[in-house]
Student: 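Mind having a look at this structure? Questions to follow.
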Amino acid sequence: MDWIEAPVSMVVVDDARFPERDTNSVFDHLVRYLAHFDPTPAIRVRLEADNLVLCGHHKYLRAARLLGRERITMDVVGADPESFARLLDRPGVAELDWAQIDREERARPQTDQWHVLYFDGALDEQAAARFRTEVVGPLFTDDRTPKQYTVDLADGVIEFLAPTPRESRPFASRFLAALRAYSSDVVKIVSYQGTKFDAR
C-alpha cells in the first residue's frame, strides 16, 4: 500500500470514468462534521501518467476543497515502483508510513472524537435534554465526560467532543442501541458523522 500526503490541487477528477458511488452520505452534514478536525480522511487515487486521478472517497475531496484545506492524505493505487518514486520527487508530496500511523493509533485505546448528529427538524429543549440524559449520560461519564457540547435547536443538531474508545465493540453496540432507541422513541436521527443513520 502506498500512502502520501499532497496538495489537494494535484488531484484530477474524472467523473466519467470514476463516478461517485457513495449514496449513504449527507454532504452538508458531513462537511459540518469534518470542519471540527484536520486532516480530512483519506481519498483514493490512481497514478496514471504521473497524474493523481480520483477513484474513491470523492466526498472527502469535495469537503476538503469546500473547507479550504490545502493538503489531503491519499491512498495511491496502480503505481509501479518507478512511477511512485517520481511522484515522491514532486514538490509538496510526502510519503506516509501507514503501518506506523496505524500502530500509533492502536496504541491509544481511547481518543477525543467529535460526534455530530442531525435530527429530523428542529429540536425542542425537552428532546435535547432527553438526548443528553438518555444517550450521552449513561455512556460518556467519568473519563469520557464530554469536553465540548453544543445544541443547535433551530437546525436540529447536537455536537459533542468526548473521549471515545477506538475499537470497543461493547461500547459501540451500546452507543448504537441508545441512538436507535432515541431515534425511535423521541426524535428521528437523520445522520451521524455525515452518514445517513440506519435506525434498524
Side-chain angles (χ1 to χ4, degrees), residues 1-48 51-79 98 102 105 113-123 127 131 135 150 152 154-161 164-169 171-200:
M1 298 176 66
D2 296 320
W3 293 84
I4 63 170
E5 184 186 80
V8 168
S9 59
M10 292 180 65
V11 182
V12 176
V13 178
D14 187 345
D15 288 329
R17 293 177 58 212
F18 302 109
E20 171 66 271
R21 301 189 184 279
D22 179 10
T23 59
N24 292 320
S25 295
V26 184
F27 184 68
D28 55 335
H29 298 187
L30 177 68
V31 170
R32 184 163 179 162
Y33 166 59
L34 296 179
H36 283 296
F37 59 89
D38 196 14
T40 304
I43 60 173
R44 180 166 294 141
V45 296
R46 291 190 62 85
L47 186 57
E48 298 181 345
N51 291 317
L52 294 170
V53 183
L54 180 68
C55 63
H57 308 302
H58 299 53
K59 59 190 176 186
Y60 295 136
L61 179 66
R62 289 174 57 207
R65 287 175 169 170
L66 189 62
L67 291 168
R69 306 270 168 87
E70 296 184 355
R71 300 178 64 78
I72 194 166
T73 302
M74 306 181 197
D75 173 15
V76 183
V77 299
W98 197 256
D102 185 60
E105 290 184 348
Q113 295 181 28
W114 276 99
H115 302 269
V116 178
L117 299 105
Y118 273 78
F119 299 85
D120 189 14
L123 290 171
F131 186 84
V135 177
T150 304
D152 186 332
D155 286 346
V157 182
I158 293 178
E159 308 165 279
F160 63 97
L161 174 67
T164 306
R166 289 193 65 255
E167 295 184 358
S168 170
R169 288 186 178 180
F171 178 87
S173 294
R174 290 171 57 209
F175 188 31
L176 179 58
L179 292 177
R180 284 175 170 168
Y182 183 91
S183 183
S184 173
D185 300 340
V186 187
V187 181
K188 180 182 177 182
I189 297 173
V190 175
S191 72
Y192 171 66
Q193 315 299 59
T195 299
K196 294 175 185 177
F197 184 71
D198 183 357
R200 293 175 295 175

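Count residues from 1 along the sequence.
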Student: If a pair satisfies salt bridge (charged side-chain N to carboxylate O under 4.0 Å, His left out) and one of its residues is in residues 173-185, list it, with sequence neighbours excluded.
Tutor: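 Listed by first then second residue: nothing to list.
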Student: Identify, with sequence neighbours excluded, every residue that meets side-chain hydrogen bond (donor to acceptor under 3.5 Å, both in side chains) alongside Asp2.
Tutor: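 Residues passing side-chain hydrogen bond (donor to acceptor under 3.5 Å, both in side chains) with Asp2: none at all.
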Student: Only counting residues at least two apart or in another chain, list the ones meeting side chain to side chain contact (heavy atoms under 4.5 Å, CB included) with Ala42.
Tutor: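 Counting only residues at least two positions away or on another chain, Ala42 forms a side chain to side chain contact (heavy atoms under 4.5 Å, CB included) with Trp3, Thr73.
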Student: What pairs with Tyr33 under ring pair (Phe, Tyr, Trp, His ring centres under 6.0 Å), at least two apart in sequence or on another chain?
Tutor: Phe37
Student: Can you name the salt bridge (Lys or Arg N to Asp or Glu O under 4.0 Å) partners of Asp120, sequence neighbours left out?
Tutor: none
Student: Look only at the side chain of Tyr192 and the backbone of Asp198, and say whether a donor-acceptor pair between them is shorter than 3.5 Å.
Tutor: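 A pair under 3.5 Å: no.
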Student: Suppose we screen for salt bridge (Lys or Arg N to Asp or Glu O under 4.0 Å). Which residues come up paired with Asp28, at least two apart in sequence or across chains?
Tutor: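 Scan of Asp28 (salt bridge (Lys or Arg N to Asp or Glu O under 4.0 Å), adjacent residues dropped) gives none.
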Student: Among all residues two or more places apart in sequence or in another chain, which pass the salt bridge (Lys or Arg N to Asp or Glu O under 4.0 Å) test with Glu105?
Tutor: Arg166
Student: Would you please name every residue forming a side-chain hydrogen bond (donor to acceptor under 3.5 Å, both in side chains) with Arg32, sequence neighbours left out?
Tutor: Glu159
Student: Has Arg69 got a side-chain atom pairing as donor or acceptor with Asp38's backbone, closer than 3.5 angstrom?
Tutor: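 No, Arg69 side chain to Asp38 backbone: no donor-acceptor pair under 3.5 Å.
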Student: Which atom pairs, one a donor and one an acceptor, fall under 3.5 Å between side chains of residues 20-27 and the rest of the protein, sequence neighbours left out?
Tutor:
from: Glu20; atom 1: OE1; to: Asp22; atom 2: N; distance (Å): 2.9
from: Glu20; atom 1: OE2; to: Lys59; atom 2: N; distance (Å): 3.2
from: Asp22; atom 1: OD1; to: Asn24; atom 2: N; distance (Å): 2.8
from: Asp22; atom 1: OD2; to: Ser25; atom 2: OG; distance (Å): 2.6
from: Asp22; atom 1: OD2; to: Lys59; atom 2: NZ; distance (Å): 2.9
from: Ser25; atom 1: OG; to: Lys59; atom 2: NZ; distance (Å): 3.2

Student: What residues form a ring pair (Phe, Tyr, Trp, His ring centres under 6.0 Å) with Phe197, not counting sequence neighbours?
Tutor: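 Listed in chain order: nothing, the list is empty.
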Student: Can you sort out the partners of His29 under side-chain hydrogen bond (donor to acceptor under 3.5 Å, both in side chains), two or more places apart, ordered by chain and number?
Tutor: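 Residues passing side-chain hydrogen bond (donor to acceptor under 3.5 Å, both in side chains) with His29: Ser191.
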Student: Please list, chain by chain and in numerical order, all residues satisfying side-chain hydrogen bond (donor to acceptor under 3.5 Å, both in side chains) with Ser183, sequence neighbours excluded.
Tutor: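 In terms of side-chain hydrogen bond (donor to acceptor under 3.5 Å, both in side chains), with neighbours along the sequence ignored, Ser183 is linked to no residue.
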Student: Tell me whether Gln193 contacts the main-chain N or O of Val116 through its side chain, where contact means a donor paired with an acceptor under 3.5 Å.
Tutor: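 Side chain of Gln193 to backbone of Val116, a donor-acceptor pair under 3.5 Å: yes, one is there.
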Student: With side chains defined as the heavy atoms from C-beta onward, is the minimum distance between Thr164 and His115 less than 4.5 Å?
Tutor: yes
